[in-house]
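First comes the structure, then the notes that go with it.
As a basis for the values below, the full set of heavy atoms in this structure was taken, side chains included, without hydrogen atoms, waters or symmetry mates. Proteins come first, then strands; the chains are lettered A, B, ... in the order of their sequence lines, and each starts at number 1.
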Amino acid sequence: MPELPEVETTRRGLDMIITGKRLLAVHVHEARMRWPVTPGLNLILQGKPLLACERRGKYLLLRFEHGTLLVHLGMSGSLRHVQAGEFLRKHDHVEWCFEGVTVRLNDPRRFGAVLWHANDAGPVASHPLLAGLGIEPFDAAFTPQMLHAGLQARSVAIKQALLGGQIVVGVGNIYASESLFAARIHPRTPANRVSPARAKRLHAAILDTLEKALESGGSTLRNYTGTQGEPGAYFDIHAAVYDRENQPCRSCGTPIRKIVQGQRATFYCPKCQRY
DNA sequence: AAATGATCCTGAGAGC
DNA sequence: TGCTCTCAGGATCATT
């Protein structure tokens, strides 16, 4: 499931190969995604150069002179570049043909999205899907103090507060568990009962977890420039707790526990992580 | 207003 | 071998 590091890696790969290039055609093979893919994309975008490839949360923002294309990978989506004339694979839903480079969105579960936002509709930051997002974790304005303040305003479990994305974006289900383990905070701790000192630890843990994942994305990044092009939706994550139920904690050996919070699996070490 | 639950979808894996 | 069943998850939306 693409989390922020995967999306950022994808963004960098795309940026290298298509930014500045002219879009020759867009082919929508399957419009039924999280929302219907914006109709008439080809007419909207044909012949336009891609000005920039940005990211907000897990949304990729492809900037054109007259608007922005929002692309979300959902939980099973991936973008890969293909050789001209390569056969369509199953679940290749949208295809962008740039000068010399073709990029395809493959998304088996179709939880992803491809939506056009014209400049006429206002700044893309005020798009309904982006307006409510929390701060970017790598933004210098994301401080321990800010994290603590955001947590103070909520009574839900810390795990769910992180996952919600209203405080800070990009901490998905895997990294929420991993960050809380690194910060030694029990996932069920009410958010508003996390002390400033622990919020500081959590802040550092979030950055550290995301940065490490981003580093390991290097191998995936290379695939965007190479000829093979096999991005793989998943990083090879050396998880401390995620998906390790009953396996020994890497720190103390205690069996890792799995619980469910808000219909989502959470993994933690009952000894290392405290309320 | 915040918190909770339902929902979209397909592939993987379990169980028979 | 092959069928059926359950589960997974990001994020929005409806409901409490």
Side-chain angles (χ1 to χ4, degrees), chain A residues 1-11 28-38 55-61 70-79 88-94 104-115 117 124 126-137 149-180 187-194 206 209-210 213 231-235 237 239 241-246 256 258-267:
Chain A
M1 57 305 301
E3 295 210 22
L4 186 138
E6 288 86 341
V7 178
E8 174 60 17
T9 297
T10 297
R11 186 199 68 74
V28 177
H29 305 292
E30 172 59 83
R32 295 174 303 169
M33 303 282 287
R34 178 71 167 82
W35 298 278
V37 173
T38 303
R55 180 186 59 73
R56 178 73 177 102
K58 294 176 193 167
Y59 289 89
L60 289 165
L61 308 178
L70 281 71
V71 178
H72 197 289
L73 300 177
M75 67 150 286
S76 61
S78 63
L79 284 163
L88 270 190
R89 296 186 185 189
K90 197 174 182 182
H91 308 303
D92 277 347
H93 304 317
V94 183
R104 284 185 191 153
L105 170 65
N106 185 282
D107 185 3
R109 293 179 198 178
R110 295 196 272 117
F111 280 12
V114 178
L115 300 169
H117 178 84
V124 71
S126 60
H127 188 285
L129 294 172
L130 306 183
L133 296 182
I135 191 167
E136 288 289 328
L151 296 176
Q152 280 299 103
R154 287 154 205 285
S155 58
V156 280
I158 179 73
K159 155 77 179 334
Q160 288 164 277
L162 284 181
L163 207 51
Q166 298 98 335
I167 302 172
V168 56
V169 298
V171 183
N173 204 42
I174 295 173
Y175 299 134
S177 281
E178 294 296 308
S179 299
L180 286 169
R188 282 212 253 246
T189 308
N192 56 14
R193 282 200 235 150
V194 173
I206 290 170
T209 303
L210 291 178
Y234 304 82
F235 284 169
I237 298 158
V241 291
Y242 188 80
D243 207 18
R244 297 195 63 240
E245 184 181 18
N246 293 329
I256 297 302
K258 174 186 177 178
I259 57 175
V260 174
Q261 296 179 282
Q263 347 259 64
R264 294 290 175 267
T266 302
F267 299 86

Over how many whole Å does the gap from [X] atom [atom1] to [N] atom [atom2] extend?
{"X": "A:Ile174", "N": "C:dG9", "atom1": "CD1", "atom2": "P", "answer": "8 Å"}
{"X": "A:Leu162", "N": "B:dA3", "atom1": "CG", "atom2": "C1'", "answer": "16 Å"}
{"X": "A:Asn192", "N": "B:dA1", "atom1": "CG", "atom2": "P", "answer": "19 Å"}
{"X": "A:Arg154", "N": "B:dA3", "atom1": "CZ", "atom2": "P", "answer": "7 Å"}
{"X": "A:Lys258", "N": "C:dC7", "atom1": "NZ", "atom2": "C1'", "answer": "8 Å"}
{"X": "A:Asn173", "N": "C:dC7", "atom1": "CG", "atom2": "C1'", "answer": "13 Å"}
{"X": "A:Ile158", "N": "B:dA3", "atom1": "CD1", "atom2": "C1'", "answer": "16 Å"}
{"X": "A:Leu151", "N": "B:dA3", "atom1": "CG", "atom2": "P", "answer": "12 Å"}

Worksheet item: Across the strands shown, which category fits A:Ala153 at heavy-atom distances under 4.0 angstrom: base, sugar-phosphate, nothing?
Response: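 Contact class for A:Ala153: none.
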
Spatial distance of atom [atom1] ([X]) from atom [atom2] ([Y]) [nearest 0.5 Å]:
{"X": "A:Leu60", "Y": "A:Glu8", "atom1": "CG", "atom2": "CD", "result": "9.0 Å"}
{"X": "A:Lys90", "Y": "A:Asn106", "atom1": "NZ", "atom2": "CG", "result": "10.5 Å"}
{"X": "A:Arg264", "Y": "A:Ile259", "atom1": "CZ", "atom2": "CD1", "result": "14.0 Å"}
{"X": "A:Leu61", "Y": "A:His117", "atom1": "CG", "atom2": "NE2", "result": "10.0 Å"}
{"X": "A:Leu129", "Y": "A:Arg34", "atom1": "CG", "atom2": "CZ", "result": "8.5 Å"}

Fill in: side-chain contact (heavy atoms from CB on, under 4.5 Å) between A:Leu73 and A:Asp107, intermediate numbers included
CA-CA 7 Å; A:Leu73 300 177; A:Asp107 185 3; over 6 Å; no

Worksheet item: Taking C-beta and beyond as the side chain, do A:Lys159 and A:Asn173 meet within less than 4.5 Å on heavy atoms?
Response: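 Yes, close enough: below the 4.5 Å cut-off.
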
Worksheet item: Heavy-atom distance under 4.5 Å between the side chains of A:Leu115 and A:Met33, does that happen here?
Response: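 No, too far: nothing below the 4.5 Å cut-off.
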
Worksheet item: In the 5'-to-3' direction, what one-character label does each nucleotide of nucleotides 9-15 of chain B receive under the scheme B = base within less than 4.0 Å of a protein heavy atom, S = sugar-phosphate only, - = no such atom?
Response: BBS----

Response to the item:
In B/S/- notation (B base, S sugar-phosphate only, - none; protein heavy atoms under 4.0 Å), nucleotides 11-16 of chain C written 5' to 3' is BB----

Worksheet item: Does a nitrogen or oxygen in the side chain of A:Tyr242 sit under 4.0 Å from OP1 or OP2 of C:dG9?
Response: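 Answer is yes, contact under 4.0 Å.
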
Fill in: Backbone of A:Arg32 reached by a side-chain donor or acceptor of A:Arg110 within 3.5 Å
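Such a contact is found between A:Arg110 side chain and A:Arg32 backbone.
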
Practice prompt. Please tell me which of the listed nucleotides, C:dA8, C:dG9, B:dT4, lies nearest to the side chain of A:Gln160?
Written response: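 The nucleotide sitting nearest to the side chain is B:dT4.
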
Worksheet item: Given C:dG10, B:dG5, B:dT4, which nucleotide is nearest the side-chain atoms of A:Gln263?
Response: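 In terms of side-chain proximity for A:Gln263, the closest of C:dG10, B:dG5, B:dT4 is B:dG5.
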
